[in-house]
Number of protein chains: 2
Amino acid sequence: MGIKDVARLAGVSPTTVSRVLNNSAKVHPDTREAVLRAIKESGYRPNQIARSLRLRRFRSIGLIVPDISNEFFATIAQAIEDELQKEGYNLFLCNTGEDRQRERKYIKALLDKFVDGIIFVSAGFDESLDLFQDEIPVVAVDRKPNMEGVSFIDSANYEGGYLATKHLISNGCRRILMIRDEREVRPMKARFEGYKQCLKDYNIEYDEELVAWVPVDRTAVREYLLKVNGLLEFDGIFAGNDVMAISAAHTLLKLGYQVPEQIQIVGFDNITEGAYFVPGITTIAQQTEALGRRSAQVLLELIKDPERGPIIEELPVALIKRGSTR
Amino acid sequence: MGIKDVARLAGVSPTTVSRVLNNSAKVHPDTREAVLRAIKESGYRPNQIARSLRLRRFRSIGLIVPDISNEFFATIAQAIEDELQKEGYNLFLCNTGEDRQRERKYIKALLDKFVDGIIFVSAGFDESLDLFQDEIPVVAVDRKPNMEGVSFIDSANYEGGYLATKHLISNGCRRILMIRDEREVRPMKARFEGYKQCLKDYNIEYDEELVAWVPVDRTAVREYLLKVNGLLEFDGIFAGNDVMAISAAHTLLKLGYQVPEQIQIVGFDNITEGAYFVPGITTIAQQTEALGRRSAQVLLELIKDPERGPIIEELPVALIKRGSTR
DNA sequence: GCTTTTCATGTTAACGATTTCATTCTGTGA
DNA sequence: TCACAGAATGAAATCGTTAACATGAAAAGC
């Protein structure tokens with residue numbers, strides 16, 4: 001039962017049915033009603049594939065994320081999906097596992113399926129981007145592309161790093177260990193810069209020894225702390241994200257340290273787990289959901305108006321004080 | 001640059017190009033090579049939409065989940081996506097937020113977009129299912145549909161409930177509080193049955209007072225425990241999932257109880273957070289990733305062989321002992 | 001040497017919508 | 001009454017593939 005059958009049923013041409021369906025031209029009220037009735041009677045549903053072949057757009061958008069089992073990305077995905085669904089768009093989920101190869105493969109697949117746009121939280125990013133040179137609207141989230149002219153939404157990571165460090169300093173910490181992602185990913189870099197600037201502003205000397213470059217991985221953090229235990233002195237930890245902060249707290253508690261009495265800890269992201277850990281993890285909260293929501297909205301705007309220039313937004317962060325700091 | 005252009009470039013007909021592309025018929029080696037060269041030269045990529053219009057399938061599958069920000073579902077989604085991607089399928093993510101209305105809407109949208117199959121972790125399920133009567137292969141995961149003839153993958157929830165309860169009993173618990181989802185969702189029901197049977201087998205009287213029917217929600221669990229604090233006596237908790245177990249542990253610790261000395265706790269699912277909570281949460285581990293992987297594999301099988309009858313599998317569970325029990 | 005297979009390829013009609021252009025009909029002003 | 005504008009509708013081309021059928025040449029069987 002295609003559009004032709006509906007047309008026959010209503011005693012009109014397929015063209016007219018299409019016009020009723022899309023409100024693309026004036027149709028006589030009586031005719032319109034007849035068509036509507038025919039549609040209802042036949043239970044007709046337009047074939048989206050056929051429609052897309054003609055229009056070269058598929059009412060779908062692609063989301064490329066490094067790791068959907070990470071609460072941060074999952075929350076972003078959820079918000080995006082929710083926002084898109086309101087406008088009748090569907091979402092292709094592409095999980096790269098931080099694998100560049102796979103990222104490129106996904107971009108091609110998405111373009112072949114004529115998605116209307118792509119939201120990108122990249123693993124590597126820089127090179128991948130040239131794959132969709134102007135073919136299609138793109139919004140980058142969280143990780144900034146090394147490229148002009150791309151819309152980008154992220155949080156105030158630099159300010160967050162500064163804020164976290166300042167909180168520890170004003171709580172009396174003087175030797176603050178920064179645990180950071182070993183990779184030079186933008187948000188992490190910004191947090192690190194914030195940390196360094198804050199130390200400077202408060203006349204605390206930056207000590208390279210007090211920076212742990214580790215994979216973003218609970219085990220890696222534990223191993224690092226076990227390795228330096230007894231050898232490295234510190235009274236505060238600023239972890240690049242909550243997962244690392246929690247692993248650090250977990251390890252230190254097991255080693256018999258007291259948190260926050262001996263060592264204070266601040267994380268980043270405000271994941272649920274941090275609030276339920278005992279003691280609660282003080283953290284820099286990103287507006288994670290808003291991050292997703294905005295990126296979806298921005299993408300839809302770009303789709304509606306392809307001439308629009310790139311949109312760049314930075315969402316504020318806030319310190320959430322919990323038991324892991326004094 | 002469509003298939004026609006490639007054909008012209010190679011000096012053959014579009015049909016031949018199609019044949020080379022899909023290996024759908026014999027082509028002379030020389031011709032094949034010429035076509036391949038033309039494809040390479042022109043950078044031609046087949047239009048998947050046009051292809052799908054013809055084939056009535058889109059090399060995509062739909063995943064309907066209640067809540068992607070929940071680690072359990074996210075892990076399943078990740079495994080599914082990984083498995084599908086290997087076979088060149090893409091995944092539509094549909095997050096229902098346990099909303100039945102939305103679920104129905106999604107099913108329609110997915111059918112309109114000619115997905116090749118659907119993986120379903122339902123909110124309500126029973127009624128929704130009739131929406132795709134035989135139109136398309138479906139696999140249900142975790143929550144069993146009230147319907148014959150549907151493929152279904154889940155964990156041994158009954159055994160898990162039994163195992164958890166037995167562990168508490170053999171650790172000396174006699175008054176075991178079961179905290180369960182207030183809704184009559186299948187997996188939860190099975191865990192509850194396992195709990196009851198185990199009590200029976202060990203001659204412990206089943207006490208209705210010791211069953212907390214609450215929404216699956218951290219706050220709800222806390223509020224419940226605060227409400228019964230001092231009024232209800234128990235020495236063990238079997239929580240229907242780890243999120244509730246963690247919330248319970250968190251609340252009890254804040255109230256000054258000692259875990260596991262005074263109250264022992266067992267959860268379900270083995271989420272990461274449980275391992276890093278202090279004390280670690282003893283839990284019944286589901287093979288969450290395998291759950292996702294298998295359901296994807298089963299769906300692909302059903303797609304390849306539509307005549308195949310329903311496939312039903314139950315994956316084993318295992319107790320993981322941690323600090324929250326003795 | 002002639003008919004019959006087999007192989008390699010091409011022609012053409014779908015798939016189901018949208019859109020350009022053409023057509024018919026009604027009503028208005030000269 | 002005629003010309004013309006404007007409204008409502010339809011016919012046919014198009015989007016880029018695939019598949020059923022047709023064709024012609026070469027190989028095989030008698």
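Worth knowing before you read on, the calculation uses all heavy atoms, side chains too, and leaves out hydrogens, waters and symmetry mates. All chains are named by letter (A, B, ...) in the order of the sequence lines, taking the proteins before the strands, and each is independently numbered beginning at 1.
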CA sep, side-chain torsions, deciding dist, call: A:R8, A:E41, salt bridge (charged side-chain N to carboxylate O under 4.0 Å, His left out): CA-CA 12 Å; A:R8 199 174 315 127; A:E41 266 178 42; over 6 Å; no
Rounded off to whole Å, could you give me the NZ-to-C1' distance for the B:K4 and C:dT9 pair? 18 Å
Identify which nucleotide among C:dG10, D:dT18, D:dA8 has an atom closest to any side-chain atom of A:T31, counting heavy atoms from C-beta outward. D:dA8
Quick note, B:T16 side chain, CB onward, closest among C:dT19, C:dG10, D:dA19 is C:dG10
For a quick check, tell me whether the side chain of B:R45 and the base of D:dG16 share a donor-acceptor pair closer than 3.5 Å. no
Let me know the distance between CG of B:N22 and P of D:dA20, rounded to the nearest Å. 13 Å
Given atom NZ of B:K113 and atom P of C:dG16, what is their separation to the nearest angstrom? 18 Å
B:L21 atom CG is separated from D:dA19 atom C1', nearest whole Å, by 15 Å
Check B:E289, B:E314, B:E313 against B:R294 for a salt bridge (Lys or Arg N to Asp or Glu O under 4.0 Å) and give me the one that passes. B:E313
Using a 4.0 Å heavy-atom cut-off across all strands, classify A:I49 as base, sugar-phosphate, or nothing. nothing
For B:F92, give me all partners under ring-ring contact (aromatic ring centres under 6.0 Å, His included), at least two apart in sequence or on another chain. A:F92
Given D:dG10, D:dA8, D:dG16, the nucleotide with the shortest approach to the side chain of A:K26: D:dA8
Could you tell me how far apart A:I3 (CD1) and D:dA11 (P) are, to the nearest whole angstrom? 14 Å
Taking for each residue the nucleotide of DNA chain C bearing the nearest heavy atom, is the 5' side occupied by B:V27 or by A:P46? B:V27
Taking the side chain of A:R54 as its heavy atoms from C-beta onward, which of D:dA19, C:dT19, D:dT9 lies nearest to it? C:dT19
Between A:K113 and B:F58, is NZ or CZ placed under 6.0 angstrom from the six-membered ring centre and within 45° of the ring axis? yes
Categorize A:T15 for me: base, sugar-phosphate, or nothing, with a 4.0 angstrom heavy-atom threshold over every strand shown. base
Let me know the distance between CD of A:Q48 and P of C:dC15, rounded to the nearest Å. 18 Å
Which nucleotide in the set D:dT17, C:dT18, D:dT9 lies at the smallest distance from any side-chain heavy atom of B:A50? D:dT17
Between D:dG16 (P) and B:R59 (CZ): distance, integer Å: 22 Å
Could you check which of D:dA19, D:dT17, C:dA17 has an atom nearest any side-chain atom of B:R51? D:dT17
Crowding at NZ, B:K26 (>12 non-hydrogen neighbours, <6.0 Å): no
For B:D30 and C:dC7, what is the distance between atoms CG and P respectively, to the nearest whole Å? 17 Å
Identify which nucleotide among D:dG16, C:dT18, D:dA8 has an atom closest to any side-chain atom of A:R56, counting heavy atoms from C-beta outward. D:dG16
Side-chain contact check for A:L53: nearest option of C:dT9, C:dG16, D:dT18 is C:dG16
Picking from B:E103, B:E184, B:E98, what satisfies salt bridge (Lys or Arg N to Asp or Glu O under 4.0 Å) with B:R143? B:E98
Check every strand shown and say whether B:F114 touches a base, only sugar-phosphate, or nothing at a heavy-atom separation below 4.0 Å. nothing
Where the side chain of A:N47 is concerned, which of D:dT9, D:dT17, C:dA17 is the nearest nucleotide? C:dA17
